[in-house]
Amino acid sequence: MEATCETEEPVSGELVSVAHALSLPAESYGNDPDIEMAWAMRAMQHAEVYYKLISSVDPQFLKLTKVDDQIYTEFRKKFEKLRIDVLDPEELKSISAKEKWRPFCLKFDGVIEDFNYGTLLRLDCSQGYTEENTIFAPRIQFFAIEIARNREGHNKVVYTSVQDKEEEKGANRGEKEKTSKGEEKENEANEGINKPGETSM
């Protein structure tokens, strides 16, 4: 039995229909632009959340799934020499690459929910999600590469650069506060020296 809250706002019909549409098999749609847009929006939201995560937490300590160890071990066994800091799209999308990736991905069917769901993947892990730096990849491929990037220290550059910017902002804010407090004290001192009606010697 589900408990419901009376103050809960009703979910809009549009959201329900989008959620329902996204739950149906892809073959049901052909090339429906509305569905493609819904998939793209969901993939972009996932990308934004992930980027915020690796920007605010040291990526080496992140756990993306319950089976990170298994994914990482299988990935590095199958793709031992794959360069992951800057990906070559050919090593993910070419016919020969797809043949190599397919058995790896299928191992996680039933292990990772929506293992073949479309996800955005950064080519250069030191950069953010931009049109030039992003490709579409199955969810398990995203997990394999990002778990490896996190464990091997490649995503640390994102975390470090964001932390450095935050520290710089804090330092600049502190300097501005010191400067404005210093100016206030100087003004107060000047006012005390030159009070109206008093002559200076």
Side-chain angles (χ1 to χ4, degrees), residues 5 8-26 29 32-72 74-76 79 82 84-87 89 92-93 101 104-105 108-170:
C5 180
E8 231 174 72
E9 289 183 29
V11 177
S12 81
E14 188 178 332
L15 284 177
V16 171
S17 65
V18 168
H20 173 69
L22 292 176
S23 69
L24 296 173
Y29 301 109
D32 184 329
D34 292 338
I35 299 303
E36 287 178 9
M37 180 58 77
W39 284 109
M41 285 171 53
R42 187 168 169 194
M44 193 62 218
Q45 287 171 341
H46 175 267
E48 287 172 356
V49 168
Y50 181 68
Y51 196 77
K52 283 179 185 172
L53 189 62
I54 61 172
S55 299
S56 57
V57 176
D58 187 337
Q60 284 184 292
F61 302 109
L62 282 179
K63 192 163 172 61
L64 301 183
T65 73
K66 292 178 181 178
V67 291
D68 280 14
D69 293 339
Q70 181 187 350
I71 293 170
Y72 181 71
E74 293 286 338
F75 171 67
R76 276 311 188 194
F79 301 96
L82 179 68
I84 59 170
D85 58 337
V86 180
L87 295 168
L92 305 173
K93 300 291 183 185
W101 275 99
F104 170 82
C105 293
F108 294 94
D109 185 3
V111 177
I112 296 293
E113 187 179 342
D114 298 327
F115 79 103
N116 63 350
Y117 188 88
T119 310
L120 298 177
L121 179 64
R122 294 168 301 138
L123 292 172
D124 180 345
C125 70
S126 69
Q127 306 298 314
Y129 286 93
T130 62
E131 192 174 336
E132 304 77 33
N133 193 44
T134 306
I135 60 169
F136 216 52
R139 192 171 191 217
I140 187 58
Q141 201 172 43
F142 166 87
F143 280 140
I145 291 167
E146 289 297 339
I147 288 167
R149 283 174 167 175
N150 290 342
R151 289 187 176 200
E152 295 172 16
H154 297 293
N155 275 337
K156 187 127 183 164
V157 68
V158 173
Y159 173 72
T160 305
S161 68
V162 170
Q163 296 310 307
D164 289 348
K165 284 178 188 170
E166 291 298 318
E167 285 177 19
E168 196 175 292
K169 279 183 191 174

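- In this structure, Pro89 and Leu123 approach most closely via the heavy-atom pair CG-CD2, 4.0 Å.
- A salt bridge links Asp69 with Arg151: the distance from a Lys NZ or Arg NE/NH1/NH2 to an Asp or Glu carboxylate oxygen falls below 4.0 Å.
- For Arg42 and Tyr117, the side-chain atoms include at least one donor-acceptor pair closer than 3.5 Å.
- For the atom pair Ile54 CD1 and Lys52 NZ, the distance stands at 13.0 Å (nearest 0.5 Å).
- Between Asp85 and Arg149 there is no salt bridge, since none of the side-chain N atoms of the basic residue sits less than 4.0 Å from a carboxylate O of the acidic one.
- One finds the CD1 atom of Ile71 at 12.5 Å from the NZ atom of Lys66 (value rounded to the nearest 0.5 Å).
- For the pair Phe104 and Glu74, the minimum side-chain heavy-atom distance is below 4.5 Å.
- Side-chain atoms of Asp68 and Thr65 include a donor-acceptor pair closer than 3.5 Å.
- We find the CZ-CD1 distance between Phe142 and Ile147 to be 9.0 Å, quoted to the nearest 0.5 Å.
- The closest side-chain donor-acceptor pair between Asn133 and Asp124, if any, does not fall under 3.5 angstrom.
- When all heavy atoms of Gln127 and Tyr51 are compared, the pair lying nearest together is O-CE1, 4.0 Å.
- Nearest heavy atom pair, residue Cys125 against residue Val158, reads O-CG2, 3.3 Å.
- Salt-bridge annotation for Glu113 and Arg139: absent, with no side-chain N of the basic residue lying under 4.0 Å from a carboxylate O of the acidic one.
- Distance check: Glu152 CD to Tyr72 OH gives 3.5 Å after rounding to the nearest 0.5 Å.
- For the atom pair CG of Leu121 and CD of Glu146, the computed distance is 6.0 Å after rounding to the nearest 0.5 Å.
- Shown here for Ala43 and Gly118, the closest heavy-atom pair between the two residues is CB-O, 4.1 Å.
- Between Leu120 and Met44 there is a side-chain heavy-atom pair separated by less than 4.5 Å.
- Considering only heavy atoms from C-beta on, Asp58 stays 4.5 Å or farther from Gln163 through its side chain.
- At distances below 3.5 Å, at least one donor-acceptor pair connects side-chain atoms of Lys93 with backbone N or O atoms of Phe136.
- The backbone N or O of Leu82 sits less than 3.5 Å from a side-chain atom of Arg76, completing a donor-acceptor pair.
- Here the side chains of Asn150 and Tyr159 are not in contact, with every heavy-atom distance at 4.5 Å or above.
- Here the side chains of Ile145 and Arg122 are not in contact, with every heavy-atom distance at 4.5 Å or above.
- In this structure a side-chain-to-backbone donor-acceptor pair under 3.5 Å is missing from Glu166 to Ser161.
- Between the CG atom of Leu62 and the CG atom of Leu53 there is a distance of 4.5 Å, given to the nearest 0.5 Å.
- Closest non-hydrogen pair, Tyr50 versus Asn155, comes out as OH-ND2, 3.4 Å.
- In plain terms, the two heavy atoms of Asn116 and Pro138 that are nearest each other are CA-CB, 4.1 Å.
- Phe108 has its ring centre no less than 6.0 Å from the ring centre of Phe143.
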